Enquirer: 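If you scroll down you'll find the structure; I have some questions about it.
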Amino acid sequence: MPYTTNDIKNIESKWQKFWDDRRIFHVQIDPMIPKYYVLEMFPYPSGKIHMGHVRNYTIADVIARYKMMRGFNVLHPIGYDAFGQPAENAAIKNKTSPAQWTGRCISQMHDELKKMGFSYDWDRELSTCDAEYYKWNQWVFIKMFERGLAYKKASSVNWCPDCETTLANEEVINGACWRCKTTVVQKDLEQWYLKITQYAPSLLEDLKKLEQWPSRVRAMQENWIGKSYGVEIHFKVKDFAETISVFTTRPDTIFGATYVVLAPEHPLVKKLTAGTSQEKEVTGFIEKAANKSKSFRMSGDQRKEGVFIGRFAVNPVNGEDIPIFIGDYVLMEYGTGAIMAVPTHDQRDFEFAKHHKLPMRIVIEDPKNPSASVEEMGQAYEEAGQLINSGAFDRISNEEAKNKIAEWMQVRGLGKISIHWRLRDWLISRQRYWGTPIPMIYCASCGIVPVPYEQLPVELPKDVKITGEGGSPLAGVRAFVECSCPKCGKPARRETDTMATFFDSSWYFLRFCSAHHIEEIFDKKDVKYWMPVDQYIGGIEHAILHLLYARFFTKFLKDLELLDTDEPFIRLLTQGMVLKDGEVMSKSRGNTVDPDEVLSQYGADTLRLFILFAAPPEDQLEWNSDGLEGAWRFLNRVYQMVEKRYQQPAVLKPKGEESQKKDDADASLERERNNSVKRVTQSFEEGYKFNTAISHLMVLANAVDKYKVDNGNAAKQNLLNQAIETLVLLLAPFVPHVAEEMWQMMGKNEATIARVAWPSFDENALKTSTIVIAVQVNGRIRAQIQVTPDKPPEELRRICLADQGVAKYVQESAIKKFIVVPNKLVSIVV
RNA sequence: GGGCGGGUGGCGGAAUAGGUAUACGCGCAGGACUUAAAAUCCUGUGACCGUAAGGUCAUGAGGGUUCAAUUCCCUCCCCGCCCACCA
């Protein structure tokens with residue numbers, strides 16, 4: 001059990017109150033001061049904060065406090081992503097309402113965040129479940145609707161049977177619901193979508209601007225958006241007035257296309273099979289395919305099933321009749337829902353063709369095996385090579401042929417050069433209660449009509465019985481559903497679905513700029529000043545979902561001319577996970593450490609210091625209670641230093657004529673002090689390596705410990721004071737409570753250390769009068785010599801040879817090379 | 001299958017425009033203080049040989065370039081994360 005006479009953890013609540021009472025971290029726009037916007041991904045208010053939150057917010061807080069000391073006007077807000085299904089479940093379980101439950105969680109969370117000493121501007125605290133916030137969700141939605149970016153369509157959608165609601169593609173992880181892990185099924189439903197695909201090109205292109213994002217997040221988004229260049233090729237159906245369009249990235253293989261495959265859901269299938277002998281078999285296959293979940297169909301290397309549909313298509317480049325199949329390995333969601341199959345050069349087609357004994361033709365020559373025949377192929381040849389069996393294109397490299405054939409086909413009207421995207425539109429309606437009502441009205445005569453702006457917000461009724469049965473609980477609230485059409489005034493019905501909560505979090509960073517603005521979604525001048533977010537911090541799990549949606553909203557709002565920036569987050573830091581015993585700390589594993597317990601035992605500063613010291617922010621962090629103890633020890637040591645060794649300058653009485661000349665110990669302390677400032681500053685400016693920053697603070701503390709002051713030696717005491725002051729200032733962003741306390745103990749005038757200027761350093765003080773140079777002979781260290789800096793090589797050579805340790809291995813006449821790395825090392829080769 | 005990270009003491013981790021590997025912390029061992037313990041302080045701590053001086057070997061494995069490689073190049077192994085029948 002940690003214990004000292006002046007318990008450093010008991011001072012924390014005092015300083016928290018001080019910051020609060022004086023609104024130290026409240027900020028306003030000030031064009032004269034450079035701004036800095038630090039933001040962490042706001043929490044879902046589950047009530048208690050966990051170590052992941054603590055780590056995330058501590059990193060953010062340290063950056064915010066550092067920037068404040070550097071003179072920036074720092075916006076550092078917090079809020080709650082308060083809508084969502086867990087509140088419904090908790091409300092049922094605890095016999096309360098989601099609103100009450102969430103309210104209680106928020107106030108609990110609020111208190112816990114305060115206990116961590118984070119430098120938030122609490123005046124901007126917001127919750128997405130407040131009507132003053134979600135009103136603007138509805139406003140954005142209508143703006144999107146007016147521009148055709150929000151639309152309703154019937155489609156096969158992802159459905160979680162457990163949550164009883166639809167899910168966006170981004171919310172389906174390996175075929176399972178991201179929240180409850182239940183296997184997702186497909187349902188045909190009419191749902192609301194946002195046309196994020198319209199922004200696919202700029203979402204992809206602008207990733208290039210995000211140089212300060214981790215490359216893997218950019219790569220993940222790039223893959224998710226998935227741009228492919230290719231050709232849409234038109235295959236005429238033989239003896240039938242229809243054309244099948246396929247998309248391919250491999251037009252170079254068109255001469256090897258020996259059959260066509262449609263997705264079972266392809267709209268042409270029914271038309272083409274009607275009346276053929278294959279109709280029954282095809283219908284049976286479609287039913288079978290429909291019963292398989294999408295995740296099963298997409299889960300890789302199973303046998304490729306399919307049936308011939310009884311008709312043929314014509315290969316446009318050579319006029320061949322080729323059979324048309326339907327196959328479950330072709331997905332309706334991608335491309336045109338139809339493919340041309342080139343079994344010799346695509347492994348999937350190869351497997352399918354083998355299984356169904358379909359013809360093949362090699363059209364790209366394997367340079368290692370130019371005489372290969374179809375019969376002896378064990379797998380598709382997917383590498384590069386020259387074209388063969390391809391008419392006029394023979395002997396052209398296939399890379400070159402891609403463009404040539406594409407252009408040739410386009411000129412002849414056989415195909416169209418085109419780009420396809422993997423990104424799908426974003427399904428945002430949810431059949432749940434605890435969310436933003438979608439502000440739409442259905443009128444029998446006018447159709448779908450948006451709620452007029454002046455009627456916003458469409459408030460979520462409070463007195464709704466939640467059963468957990470799903471299926472739009474709002475549909476059962478007559479007072480909510482029944483309304484009149486804004487256009488014709490006749491009785492009409494409200495939309496009863498609510499918005500996915502990712503809608504709420506796609507623009508909250510803008511709302512923070514003027515958190516409680518009433519007239520508009522936000523105050524344009526505030527947003528102009530604060531945006532973009534300079535530093536965003538959060539978990540990698542949001543690499544696709546939230547970060548993509550937020551970028552989409554930013555681009556949309558810019559198109560509405562409400563914003564100047566087209567990217568919301570300049571710099572992104574994804575913090576690593578917190579582990580215990582080598583496993584991710586999680587409730588389900590039962591290996592969590594409750595931050596509350598650590599707080600009551602050690603206080604926030606110790607917790608903050610440990611978390612920052614144990615690993616670089618982006619790496620995994622292994623929880624270690626001994627390490628926590630170490631952080632506690634260090635803080636106490638520094639506290640004792642201030643208490644016992646610091647003397648207030650007023651008390652300090654210079655005695656007699658003390659020598660102004662600095663001795664070695666003085667120079668050494670000065671060097672460490674300046675070096676610490678340099679290194680800690682560097683760690684903030686170059687990549688946030690807080691672990692090494694703290695290690696340098698420990699080095700400085702060690703130097704202070706070692707430094708002796710003769711009783712009453714004012715010059716030395718001054719030097720010591722200076723070193724301690726610097727140490728306290730450098731510590732301030734990391735351990736704000738103790739730093740405030742120590743600053744006050746030192747009798748400083750500033751109200752808060754949070755606004756004291758960050759210390760600077762003197763490069764000259766880092767120099768030493770003598771340096772130690774390592775001497776290598778044939779690559780091995782054989783001696784250390786002490787010399788004055790910047791010795792010329794000739795002199796070094798003389799000194800080295802005079803050194804006994806060197807002389808043992810070197811005779812002057814045998815020296816082949818003499819290499820000098822200035823002020824570091826000498827390397828002699830004999 | 002594709003992409004992105006990583007492999008350094010007993011542990012968390014330092015150090016890469018090539019230049020004294022193991023900073024800082026934890027742990028461990030010994031000592032001081034104490035009736036005793038805790039706390040605190042001091043000393044030591046990569047491995048091996050040696051009383052010591054000193055020497056040899058060590059950054060996943062193996063090669064290469066170099067006076068010099070954790071850092072650069074080649075081959076391979078292992079771990080983590082993300083994506084994946086994407087046409």
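So you know, we letter chains A, B, ... as the sequences are listed, proteins then strands, and number each from 1. All of these numbers come straight from a predicted model, not from anything done at the bench.
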Enquirer: Using the ring centroid of each side chain, check whether A:F684 and A:F690 are separated by less than 6.0 Å.
Expert: yes

Enquirer: Consider side-chain contact (heavy atoms from CB on, under 4.5 Å). Of A:H345, A:E382, A:E383, which one does A:I364 pass it with?
Expert: A:H345

Enquirer: Let me know the distance between OH of A:Y639 and C1' of B:U40, rounded to the nearest Å.
Expert: 17 Å

Enquirer: Which atom pair, heavy atoms only, marks the closest approach of A:V680 to A:L697?
Expert: CG2-CD2, 3.9 Å

Enquirer: Nearest whole angstrom, please: distance from the C1' of B:C85 to the CD of A:E305.
Expert: 13 Å

Enquirer: Can you tell me how far C1' in B:G54 sits from the matching atom in B:A17, rounded to whole Å?
Expert: 36 Å

Enquirer: Which value, in whole Å, describes the distance between the P atoms of nucleotides B:G9 and B:U71?
Expert: 15 Å

Enquirer: Tell me which nucleotide among B:C85, B:G27, B:U20 gets nearest to the side chain of A:V772.
Expert: B:U20

Enquirer: Nearest-Å distance, CZ (A:R633) to P (B:C26)?
Expert: 5 Å

Enquirer: Provide the distance between the two C1' atoms, one in B:C72 and one in B:U59, to the nearest whole Å.
Expert: 16 Å

Enquirer: Closest approach of A:S228 and A:T249, non-hydrogen atoms and distance?
Expert: CB-CG2, 3.7 Å

Enquirer: Under 4.0 Å, counting only non-hydrogen atoms across every strand here, what does A:Y809 touch: a base, just sugar-phosphate, or nothing?
Expert: sugar-phosphate

Enquirer: Distance check needed: B:G19 C1' versus A:I773 CD1, whole Å only.
Expert: 12 Å

Enquirer: Could you tell me which nucleotide pairs with B:C41 by Watson-Crick or G-U wobble geometry, both distances under 3.5 Å, or answer none if nothing does?
Expert: B:G31

Enquirer: Under 4.0 Å, heavy atoms only, any strand: does A:V821 hit a base, just the sugar-phosphate, or nothing?
Expert: base

Enquirer: If I compare all heavy atoms of A:P789 with all of A:I771, which pair ends up nearest, and what's the gap?
Expert: CA-CD1, 3.8 Å

Enquirer: Would you name the heavy atoms of A:Y549 and A:I196 that are closest together and state the gap between them?
Expert: CD2-CD1, 4.2 Å

Enquirer: Figure out the CZ/C1' separation between A:F325 and B:A87, and round it to whole Å.
Expert: 17 Å

Enquirer: Would you sort out whether A:T58 and A:R608 count as a side chain to side chain donor-acceptor pair (under 3.5 Å), showing the intermediate values?
Expert: CA-CA 6 Å; A:T58 298; A:R608 292 168 60 118; 5.2 Å; no

Enquirer: Sort out the partner of B:A47 for me: Watson-Crick or G-U wobble, both distances under 3.5 Å, none otherwise.
Expert: B:U56

Enquirer: Can you check the A:K816 NZ to B:U66 P distance for me, whole Å?
Expert: 14 Å

Enquirer: Looking at A:A313 and A:V260, what are the two nearest heavy atoms and their distance?
Expert: CB-CG2, 4.4 Å

Enquirer: Roughly how many Å apart are B:G3 and B:C86, using the P atom of each and rounding to a whole number?
Expert: 14 Å

Enquirer: Would you tell me if any nitrogen or oxygen in the side chain of A:R422 comes within less than 4.0 Å of OP1 or OP2 on B:A84?
Expert: yes

Enquirer: Can you find a side chain N or O atom of A:Y259 that sits less than 4.0 Å from OP1 or OP2 on B:A87?
Expert: no

Enquirer: Name the pairing partner of B:U70, where a pair is Watson-Crick or G-U wobble with both distances under 3.5 Å, or state none.
Expert: none

Enquirer: Base, sugar-phosphate or nothing for A:T249? Non-hydrogen atoms, less than 4.0 Å.
Expert: sugar-phosphate

Enquirer: Could you go through the ring pair (Phe, Tyr, Trp, His ring centres under 6.0 Å) check for A:W623 and A:F610 one step at a time?
Expert: CA-CA 9 Å; A:W623 184 261; A:F610 163 71; 5.1 Å; yes

Enquirer: Which of the following nucleotides, B:G55, B:C86, B:G25, is nearest to the side chain of A:N702?
Expert: B:G25

Enquirer: Using Watson-Crick or G-U wobble geometry with both distances under 3.5 Å, which nucleotide pairs with B:A17?
Expert: none

Enquirer: Can you classify the ring geometry of A:F352 versus A:Y259 as parallel (below 30°), tilted (30 to 60°) or perpendicular (above 60°)?
Expert: parallel

Enquirer: Could you pull out the protein-nucleic contacts involving nucleotides 11-17 of chain B (nitrogen or oxygen on both sides, under 3.5 Å)?
Expert:
from	atom 1	to	atom 2	distance (Å)
B:G12	O2'	A:A614	O	2.5
B:G13	O3'	A:N691	ND2	3.2
B:A14	OP1	A:N691	ND2	3.0

Enquirer: I need the CZ-C1' distance between A:F818 and B:G19, as an integer number of Å.
Expert: 14 Å

Enquirer: Tell me, please, whether A:Y809 has A:R782 positioned over its six-membered ring: NZ or CZ under 6.0 Å from the ring centre and within 45 degrees of its axis?
Expert: yes

Enquirer: Quick one: A:E232 CD to B:A87 P, roughly how many Å, whole number?
Expert: 14 Å

Enquirer: Hey, which sits more toward the 5' end of RNA chain B by its nearest nucleotide, A:V829 or A:G335?
Expert: A:V829

Enquirer: Rounding to an integer number of angstrom, what distance separates B:G44 and B:U8 when you compare their C1' atoms?
Expert: 22 Å

Enquirer: Under 30°, 30 to 60°, or over 60°: which ring-plane class applies to A:Y334 and A:H420, parallel, tilted or perpendicular?
Expert: tilted

Enquirer: Tell me which residues in residues 775-786 of chain A put a heavy atom below 4.0 Å from RNA chain B, sorted by number, or none.
Expert: A:Q776, A:G779, A:R780, A:I781, A:R782, A:Q784

Enquirer: Heavy atoms from C-beta onward define the side chain here; which of B:C86, B:G25, B:C26 lies closest to that of A:D626?
Expert: B:C26

Enquirer: Mapping A:L825 and A:S228 to their closest nucleotides on RNA chain B, which lands nearer the 5' end?
Expert: A:L825

Enquirer: Hunt down the Watson-Crick or G-U wobble partner of B:U75, both distances under 3.5 Å, from any strand shown, or write none.
Expert: B:A61

Enquirer: Can you tell me, in whole Å, how much space there is between the P of B:C79 and that of B:G63?
Expert: 23 Å

Enquirer: Can you tell me how far P in B:U65 sits from the matching atom in B:U56, rounded to whole Å?
Expert: 23 Å

Enquirer: Taking a pair as Watson-Crick or G-U wobble with both distances under 3.5 Å, which nucleotide is matched to B:G80?
Expert: B:C4

Enquirer: Is the base of B:G9 syn or anti, if syn means a glycosidic angle within 90° of 0?
Expert: syn

Enquirer: Decide whether a cation-pi geometry holds between A:R571 and A:W213; the criteria are a distance under 6.0 Å from NZ or CZ to the six-membered ring centre and an angle within 45° of the ring axis.
Expert: no

Enquirer: Work out how far the C1' atom of B:G13 is from that of B:U51, and round it to whole angstrom.
Expert: 35 Å

Enquirer: Output one line per pair: protein atom, nucleotide atom from nucleotides 4-6 of chain B, and distance, for all N/O pairs under 3.5 Å.
Expert:
none

Enquirer: Of the non-hydrogen atoms in A:E232 and A:S418, which two are nearest, and what is the gap between them?
Expert: N-OG, 3.7 Å

Enquirer: Are A:W426 and A:F502 an aromatic pair by the rule of ring centers under 6.0 Å?
Expert: no

